[in-house]
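Okay, structure first, notes after.
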Amino acid sequence: MSGETVNQMVGQLARGTLDAARLQGLLATTFKQSNENPYWTYYEFELKNGPFARGEFRLSKEGGKALLSLMAREEPALTENDLDLSQWGEVSNIRVSPRIPPEGTDAYSYNVEGVKVSFQFTHTSRRLRSVALEWGAVA
């Protein structure tokens, strides 16, 4: 899978309404409810093809807020150099997490049409670990 495929997928997911059915269609998967509390409903899903293996979708019960996390496949590994992150504009936040095994991570957040999009890479090898999209959050 190419970095271009990741960027195309992220663009399609971020540019549009927050609608679980639309997201499932774009990802070609079905969300399966995994947990629930008074504030959020949690869903998990597997992806058969593409740069991501699995993910989680969290939808607020009040509406208007959601988090979609996509976990990158181990192989073939994509690195930061495989992605053209410049298309997302200026970095709005950098989050460093040195305790995430095995080498820590760095996440770069962007505001894409009101959706906070974060790309997380391993600190030293710069492998793509995950991409998260958050609706209803300040980027």
Side-chain angles (χ1 to χ4, degrees):
M1 286 297 133
S2 70
E4 184 177 315
T5 304
V6 171
N7 283 332
Q8 287 173 343
M9 181 180 286
V10 169
Q12 289 176 336
L13 293 167
R15 293 182 176 108
T17 60
L18 171 56
D19 178 283
R22 181 183 77 85
L23 297 174
Q24 290 176 86
L26 288 170
L27 293 167
T29 192
T30 301
F31 296 167
K32 296 177 180 80
Q33 186 172 337
S34 60
N35 201 353
E36 183 175 22
N37 66 37
Y39 309 101
W40 296 92
T41 305
Y42 298 81
Y43 302 88
E44 294 178 345
F45 56 91
E46 300 290 324
L47 298 168
K48 294 179 184 175
N49 301 309
F52 302 103
R54 60 185 173 78
E56 180 183 74
F57 181 65
R58 299 176 192 176
L59 184 61
S60 72
K61 293 198 176 177
E62 68 182 39
K65 291 183 182 182
L67 175 68
L68 177 69
S69 299
L70 301 167
M71 306 309 283
R73 291 191 189 281
E74 291 290 322
E75 297 298 330
L78 291 174
T79 67
E80 185 175 13
N81 288 336
D82 295 324
L83 301 172
D84 176 14
L85 298 178
S86 67
Q87 69 181 311
W88 307 117
E90 294 291 319
V91 173
S92 62
N93 190 25
I94 299 173
R95 183 175 178 155
V96 177
S97 300
R99 294 190 177 136
I100 294 178
E103 60 189 74
T105 62
D106 303 319
Y108 301 88
S109 298
Y110 302 85
N111 183 342
V112 180
E113 297 185 22
V115 177
K116 179 181 175 182
V117 177
S118 300
F119 295 84
Q120 186 183 65
F121 300 95
T122 54
H123 180 72
T124 305
S125 63
R126 309 309 291 167
R127 289 173 63 122
L128 178 65
R129 188 167 186 271
S130 66
V131 175
L133 295 92
E134 191 172 354
W135 289 263
V138 177

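None of these values were measured; they are calculated from a predicted model. Hydrogens, waters and symmetry mates are skipped; everything else that's a heavy atom, side chains included, is used.
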[atom1]/[X] to [atom2]/[Y] distance, rounded to the nearest 0.5 angstrom?
| X | Y | atom1 | atom2 | value |
| --- | --- | --- | --- | --- |
| W135 | K65 | CH2 | NZ | 14.5 Å |
| T105 | L128 | OG1 | CG | 11.5 Å |
| Q24 | D19 | CD | CG | 9.0 Å |
| L133 | L70 | CG | CG | 6.5 Å |
| L68 | S130 | CG | OG | 10.5 Å |
| E36 | L59 | CD | CG | 10.5 Å |

If we ignore hydrogens and angles and just use 3.5 Å, is the side chain of [X] paired with the main-chain N or O of [Y] as donor and acceptor?
| X | Y | value |
| --- | --- | --- |
| R22 | L13 | yes |
| S92 | S109 | yes |
| E44 | S34 | no |
| R126 | F121 | no |

Minimum heavy-atom separation for [X] and [Y], please, with both atom names.
| X | Y | answer |
| --- | --- | --- |
| A14 | V117 | CB-CG2, 4.2 Å |
| S118 | K116 | OG-CE, 3.9 Å |
| L18 | G64 | CD2-C, 4.0 Å |
| E80 | Y108 | OE2-CE1, 4.2 Å |
| S125 | T79 | O-CG2, 4.2 Å |
| N37 | K61 | O-NZ, 3.0 Å |

Would you call [X] and [Y] a side-chain contact if the rule is heavy atoms closer than 4.5 Å?
| X | Y | answer |
| --- | --- | --- |
| L26 | M9 | no |
| L67 | W40 | no |
| Y42 | R58 | yes |
| V6 | F119 | yes |
| V112 | V10 | no |
| W88 | L83 | no |

Check the pair Q120 / I100 against side-chain contact (heavy atoms from CB on, under 4.5 Å), numbers first and verdict last.
CA-CA 11 Å; Q120 186 183 65; I100 294 178; 4.0 Å; yes
With a 4.0 Å cut-off on N to O distance, would you call E74 and R127 a salt bridge?
yes
Where does the angle between the aromatic ring planes of F57 and Y43 fall among parallel (under 30°), tilted (30 to 60°) and perpendicular (over 60°)?
tilted
With F45 via ring-ring contact (aromatic ring centres under 6.0 Å, His included) - residues at least two apart
F31
